[in-house]
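Report on the following structure.
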Amino acid sequence: MKIICVGLNYNAHNKEMNREALSSDSNPVLFMKPDSAILHNDKNQFFIPDFSNNVHYELEVVIKIDKMGKNIAERFAHRYYNEITVGIDFTARDLQDQLKAKGLPWEISKGFDNSAALGTFVSKDKFGKAMNNLDFVLLKNGEQAQIGNTKDMIHSIDKIVAYASQFFTLKTGDLIFTGTPAGVGKVEIGDTLIGKLEGEELLNVSVC
Ligand code: ZN
């Protein structure tokens, strides 16, 4: 399986990263993580890797593809996923900044082992709400660090599925991380990170 991620999908986050605002006329920014990046919710310990002194959390809504598809039309995209959760796209921001400054690919800063923490998947119909109106929140040591709603995405989930499937055949079990809202920050040893979707706790990670 593969993990497709969307960068820069919330303008409030783009602003905090000193990036210009993007419009929905632009194309989604995609990058990948390998399957070795997955940190399952039952192993809820994230060890800060030795190669970084500035690992950031990025809480994101994650969908799981449950049907193979290629060149999927946006209006049919909802048929290709049934389960959602929240996940953390752990990012070695210092490495990413160094690589970006040299114009080099920054995969290692995003795709390292355990950098894709996953919450428990639930049915996308569970909350009885549209996919473009889901509240999600990251609590860091009990305090709200990130508050997001999927309505603030620049590119909707269905648009991301359609766009990604032009380049990558989507297969059962593939995951899509759909971008992070504002409020990203550094993790420290001892932090507890809890991710909630529509008020329901789906993710709980201890930083070690
Ligand atoms: Zn991200």
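Numbering of ligands and ligand atoms starts at 1, following listing order.
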Q) Of all residues at least two apart in sequence or in a different chain, which pass the side-chain hydrogen bond (donor to acceptor under 3.5 Å, both in side chains) check with Tyr57? A) none
Q) Going by the salt bridge (charged side-chain N to carboxylate O under 4.0 Å, His left out) test, which pairs reach into residues 35-50, not counting sequence neighbours? A) none
Q) Taking Met153 as the fixed residue, which of Val6, Asn11, Asn132, Asn9 is the one that meets the side chain to side chain contact (heavy atoms under 4.5 Å, CB included) rule? A) Asn9
Only distances under 3.5 Å count here; give the side-chain donor-acceptor pairs of residues 69-78 to other protein atoms, sequence neighbours excluded, each with its distance to 0.1 Å.
unit_1, atom_1, unit_2, atom_2, d
Lys70, NZ, Gln166, O, 3.1
His78, ND1, Arg75, O, 3.3

Q. Is the backbone of His56 close enough, under 3.5 Å, to the side chain of Thr91 for a donor and an acceptor to pair up by distance?
A. no
Q: Look at the side chain of Ser109 and the backbone N and O of Leu95, then say whether any donor-acceptor pair between them is shorter than 3.5 Å.
A: no
Q.
Strictly under 2.8 Å, how many protein N, O or S atoms lie near the Zn ion (ligand 1)? Waters don't count.
A. 3
